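Small disclaimer: the values here were computed from a predicted structure and weren't measured.
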There are 2 protein chains.
Amino acid sequence: MLTKGERRNQEIFDTAAHLFATRGYARTSIRDLAEALGMQKSSLYHYFDSKEDLLHRMLDQFMDQALERIESLCGQDLPPLEKLAEFMRFYTHIYAGDRDRLMLLVNDLDCLTPQRRMQVVAKQRRYVAVIRDILAELKEAGLLADLPLPVLVFAFFGMVHYTPKWYRPDGPVSPEELGEVFRQVFCHGVLQNGASKPGPEGA
Amino acid sequence: MLTKGERRNQEIFDTAAHLFATRGYARTSIRDLAEALGMQKSSLYHYFDSKEDLLHRMLDQFMDQALERIESLCGQDLPPLEKLAEFMRFYTHIYAGDRDRLMLLVNDLDCLTPQRRMQVVAKQRRYVAVIRDILAELKEAGLLADLPLPVLVFAFFGMVHYTPKWYRPDGPVSPEELGEVFRQVFCHGVLQNGASKPGPEGA
DNA sequence: GTCTATACTTTGATAGAC
DNA sequence: GTCTATCAAAGTATAGAC
């Protein structure tokens, strides 16, 4: 249960995320945000120290939430092939459902000062490491096609991180379906012929 | 052969593209650009009408160049499978070699007014149509996996358009290699098992 | 926690001489 | 084609009353 103050705080952050994602962080002024919330711009400084501090808090919180879910999922002791599939479905699902904040992460990370940016990047690296490790494990087992590993990692992130530019969760493809399509394309794409298997259906 | 004036013009546009790509269009001022070029900001307005006009000219010219190459390539009468492979290698190669302008296209298209933006988007749609038609042709022939076509199109664009965030042409992977990896991942990923074939090597 | 009022900086753009 | 000088607008942020 959130207190009244926490709800207001959340409302401000959500509105800011939406505005920043829609019009871009740099082109959205504090005045724009205040207007959207129906309050004075000076009042906003009660909730954050500066515009950049606001952006930083949003991104940092976003990374924490995503990381918690991803790392808990990957702590499970699954065969690497299933782990890969789970990671991709899960990752896509998280991000497809959080369009505003993914947009911020992809577009406006560079608006942070080096120190604040590094703090976020350090957390990003943790889930880059997750998928890199999974792929390395598959390579070890001879299941992976002979392709440069970093390129494969970024091919996947490219697919997912580009989604906010075109994808709408309320369109014909649900976030779950999207994750499944990405899984299928990527798994078939990077695994040795025959190593990828269909989903839980069949026999 | 370029005249002296044309060279100066090109120098200004190239410098602007690099600055905008590196620091973002919105956060790069006309003053920044003037300083980078060693001239006064007012002098720049001899070469364009406004900052937005500058951005628009860069993007529009970029699209024209890319389109010319892509459409000429796809006018050739090739089997759809080879056309797909050629498109992907070619598209990746063009964009991997033109990092600054791809970055602008992906990040800053929304900084244009609706009219100017639509002019660029209309050209974008032409090569979206190219790959959509190729995939539709493959589906018709029963070579494509049963997956939603628009998602496949954007999966590919996602891979390529994300490259400026991480890829360096002078790193261990050449633009040609990158195109080849993307081709392989995507073809294996979206084609029915066995439909994708290796490159020109082999018996 | 929200307001009014304001300080200070940077921005895009123009006028007009050379 | 480049310069000096300048403007009006918009930006972030702060001070201090309630």
Just the rounded figure in Å: distance from P of D/dT12 to CD of A/Glu35. 12 Å
A/Tyr45 ring centre to A/Lys51 NZ or CZ under 6.0 Å, with the angle to the axis within 45°? no
For A/Glu52 and D/dA13, give me the distance from atom CD to atom C1', rounded to whole Å. 14 Å
Rounded to whole Å, the NZ-C1' distance (B/Lys41 to D/dC7) equals 10 Å
Distance, rounded to the nearest Å, where A/His46 contributes NE2 and D/dT14 contributes P: 15 Å
Assign each of A/Tyr47 and B/Ile30 to its nearest nucleotide of DNA chain C by heavy atoms, then name whichever residue's nucleotide is nearer the 5' end. A/Tyr47
Please tell me which of the listed nucleotides, D/dT12, D/dT2, D/dA5, lies nearest to the side chain of B/Ser42? D/dA5
Counting only heavy atoms from other residues, nucleotides and ligands, does the tally under 6.0 Å from CZ of A/Arg31 exceed 12? no
Quick one: sort the A/Phe157 and A/Tyr127 rings into parallel, tilted or perpendicular, breaks at 30° and 60°. tilted
Using only side-chain N and O atoms of A/Ser50, determine if any of them is under 4.0 Å from OP1 or OP2 of D/dT12. no
Is the phosphate of C/dT2, meaning OP1 or OP2, less than 4.0 Å from a side-chain N or O of A/Arg8? yes
Round to the nearest Å and state the distance from A/Gln40 atom CD to D/dA13 atom P. 17 Å
Less than 4.0 Å between a side-chain N and a carboxylate O, is that true for B/Arg183 and B/Glu180? yes
Atom-to-atom span, CZ of A/Arg31 to C1' of C/dT4 - whole angstrom: 13 Å
Could you give the CD-to-C1' distance, from A/Glu6 to C/dG1, as a whole number of Å? 15 Å
Grab the CG-C1' distance between B/Leu44 and C/dT11 for me, whole Å please. 14 Å
Does the pair B/Asp32/B/Arg23 count as a salt bridge with the N-to-O cut at 4.0 Å? yes
Closer than 4.0 Å, any side-chain N/O of A/Ser43 to the OP1 or OP2 of C/dC3? yes
In terms of the nearest nucleotide of DNA chain C, which residue is placed more toward the 5' end: A/Ile12 or B/Phe48? A/Ile12
